[in-house]
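As structure tokens, the structure follows; a few thoughts come after it.
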Amino acid sequence: QVQLVESGGGLVQAGGSLRLSCAASGRTFSTYVMGWFRQAPGKEREFVAAISWEGQSTNYGDTVKVRFTNSRDNTNKLVYLRMNNLKPEDTAVYYCAAKFGSSKSPHASEYDYWGQGTQVTVSS
């Protein structure tokens, strides 16, 4: 079992930055691919980023490439999402997720564990 708790969301002006954190519990954290998804009101859950178990390989959604950076600290069981140059369309609830296997999948259905989410609001 893995439990995930996100933090770091908030209100920021367009062009600003935020860093989200995801704290994980469980002894096998370092073996999971970790992903970030987001969901805006009335929209489907959208893939944001995923990172391999060792942190050497990442995958990003097209709308956040270059602006967002995904990283992890396996020693402290943390995953980070650094978000730069935020836009109003980045407003959503951001979720951390974990999956078995090595694929950095963009499909939410392939993830096994989810956090409760943290709200990010970007004002124009």
Side-chain angles (χ1 to χ4, degrees):
Q1 280 282 356
V2 175
Q3 292 185 325
L4 305 171
V5 179
E6 302 94 336
S7 61
L11 174 64
V12 63
Q13 288 188 332
S17 299
L18 281 174
R19 188 182 76 163
L20 304 184
S21 299
C22 174
S25 65
R27 292 184 296 175
T28 57
F29 169 76
S30 62
T31 65
Y32 290 96
V33 166
M34 299 298 297
W36 289 93
F37 291 79
R38 66 186 183 186
Q39 189 164 19
K43 294 189 176 181
E44 293 187 355
R45 193 162 292 193
E46 177 188 9
F47 172 71
V48 175
I51 189 167
S52 59
W53 66 269
E54 81 286 4
Q56 296 300 309
S57 178
T58 52
N59 186 23
Y60 295 94
D62 289 339
T63 58
V64 306
K65 280 180 181 177
V66 178
R67 299 187 298 124
F68 290 12
T69 303
N70 195 13
S71 60
R72 68 190 294 166
D73 175 356
N74 285 344
T75 300
N76 294 299
K77 299 181 182 179
L78 291 165
V79 183
Y80 301 106
L81 185 68
R82 176 69 179 182
M83 306 184 294
N84 294 327
N85 189 23
L86 283 161
K87 304 175 181 180
E89 51 264 42
D90 293 319
T91 295
V93 177
Y94 283 70
Y95 298 91
C96 175
K99 68 177 293 291
F100 298 106
S102 60
S103 169
K104 300 181 299 296
S105 174
H107 304 295
S109 61
E110 296 187 26
Y111 286 75
D112 303 287
Y113 302 102
W114 290 84
Q116 83 290 347
T118 185
Q119 176 70 47
V120 172
T121 302
V122 184
S123 63
S124 57

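The model shown is predicted, which means the values in this text are computed figures rather than measured ones.
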Cluster link Phe47 to Ile51, ILVMFWY, side chain under 4.5 Å
no

Shortest non-hydrogen separation from Ala50 to Tyr111 and the atoms involved
CB-OH, 3.6 Å

Could you tell me the separation between the OG atom of Ser124 and the CD atom of Gln13, rounded to the nearest 0.5 Å?
9.5 Å

Determine yes or no for a side-chain-to-main-chain donor-acceptor pair under 3.5 angstrom, with Asn59 supplying the side chain and Pro106 the backbone.
no

Do you know which of Thr91, Leu86, Asp90 makes side-chain contact (heavy atoms from CB on, under 4.5 Å) with Thr121?
Thr91

Same apolar cluster (I L V M F W Y, side chains within < 4.5 Å links), Val12/Leu20
yes

Once you round to the nearest 0.5 Å, how far does SG of Cys96 lie from CD of Gln116?
9.5 Å

Smallest separation among heavy atoms of Arg38 and Ala92, with atom names:
CB-CB, 3.8 Å

With a 4.5 Å heavy-atom cut-off, do Arg45 and Trp114 have their side chains touching?
yes

Kindly compute the distance separating CZ (Arg19) from CE (Met83), expressed to the nearest 0.5 Å.
11.5 Å

Would Lys104 and Ser57 count as having a side-chain donor-acceptor pair, cut-off 3.5 Å?
yes

Between Tyr94 and Phe37, is the gap from one ring center to the other below 6.0 Å?
no

Output the distance between atom CG (Asn70) and atom CZ (Arg82), rounded to the nearest 0.5 Å.
13.5 Å

Kindly confirm or rule out a cation-pi arrangement of Arg67 over Tyr60, judged by NZ or CZ under 6.0 Å from the six-membered ring centre and within 45° of its axis?
no

If you look only at pairs with a residue in residues 42-91, which of them pass as a disulfide bond (SG atoms under 2.5 Å apart), with sequence neighbours excluded?
none

Between Asn74 and Phe29, what is the shortest heavy-atom contact and its length?
OD1-CE2, 3.2 Å

Step through the shown structure and confirm whether more than 12 heavy atoms of other residues, nucleotides or ligands are within 6.0 Å of CD on Glu89.
yes

Is there a path of hydrophobic side-chain contacts, each under 4.5 Å between heavy atoms of I, L, V, M, F, W or Y residues, that connects Phe68 with Val79?
yes

Given side chains that start at C-beta, do those of Tyr95 and Trp36 come closer than 4.5 Å, heavy atoms only?
no

Between OG1 on residue Thr118 and CG on residue Leu81, distance to nearest 0.5 Å:
11.0 Å

Which atom names give the shortest non-hydrogen contact between Ala14 and Pro88, and what distance separates them?
CB-CD, 4.1 Å

Between Gly115 and Glu6 the two heavy atoms that sit nearest each other are CA-OE2, 3.3 Å

If you compare all heavy atoms of Ala24 against all heavy atoms of Leu4, which two are closest, and at what distance to 0.1 Å?
CB-CD2, 3.6 Å

Distance col, row Thr58:OG1 vs Arg72:CZ, nearest 0.5 angstrom, shows 12.0 Å

